[in-house]
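Written below as structure tokens is the structure these notes are about.
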Amino acid sequence: MPCWLMKSEPDEFSIRNLEELGYSRWDGVRNYQARNFLRAMAEGDLFFFYHSSCATPGIAGIGRITRAAYPDPTAIDPNSAYFDMKAKAEKNPWSAVDVGFVERFDTVLTLPQLKSHPALSQLPLVQKGSRLSVMPVGEAEWHVILAMR
DNA sequence: GCCAACGTTGGC
DNA sequence: GCCAACGTTGGC
């Protein structure tokens, strides 16, 4: 089963928000490479929930894909912060998935911790300058990260 | 708040 | 198709 990592700013949407809600739509992705990964996801895939742009950037928990990619409604909603003028209902280039809560880590697995592990050096997350917000995680990497929690 | 790195836009 | 300018991401 493919595994993933997705970034969210916890001020916007955190692992606690997902825990409280139980499920959510994962929308607002506006990068083609990240969108293509969204489209490669299947129901049942697991992902690491990463907190970015915050006091302690790192992996905060685990979620599950509960619905495969579909057109992102926020792209055609003028009231949404993610509205895209160029998107139309009949031609919407952006995708969203639905996700469910799986687990919240007791403590965030911090970016420096992740960077310190040699087995994770190929993960785009830890590479210099990488801004990719949705990325695949290899099975070996997945288990390494799980063991670090 | 700063700024390096990246992706996108648009003139040519 | 090139590439400079711009806007955004995201760690620090």
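Basis for what follows: all heavy atoms, side chains included, without hydrogens, waters or symmetry-related copies. Protein chains get the first letters and strands the later ones, always in sequence-line order, with residue 1 at the start of each.
Between A/Glu103 and A/Arg149, at least one side-chain nitrogen of the basic residue sits less than 4.0 Å from a carboxylate oxygen of the acidic one, meeting the salt-bridge criterion.
Fit an axis to the five pairs at each end of the helix from B/dG1-C/dC12 to B/dC12-C/dG1 and the two axes sit 10° apart, to the nearest 10 degrees.
The cationic atom of A/Arg67 (NZ for Lys, CZ for Arg) lies less than 6.0 Å from the six-membered ring centre of A/Tyr70 and within 45° of the ring axis.
At most 12 non-hydrogen atoms from other residues, nucleotides or ligands lie less than 6.0 angstrom from OH of A/Tyr23. Within 6.0 Å of the CZ atom in A/Arg39, the count of heavy atoms belonging to other residues, nucleotides or ligands exceeds 12.
For the residue pair A/Arg30 / A/Thr74, a side-chain donor-acceptor distance below 3.5 Å is found, with atom types taken as modelled.
Of all the heavy atoms in A/Ile65 and A/Val99, the pair that sits closest is CD1-CG1, 4.0 Å.
For A/Trp26, the ring-ring contact (aromatic ring centres under 6.0 Å, His included) criterion is met by A/Phe47, A/Phe49, not counting sequence neighbours.
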Using a 4.0 Å cut-off on protein heavy atoms (strictly under), produce a 5'-to-3' string for nucleotides 4-12 of chain C with B for base contact, S for backbone-only sugar-phosphate contact, and - for none.
---BBBBSS

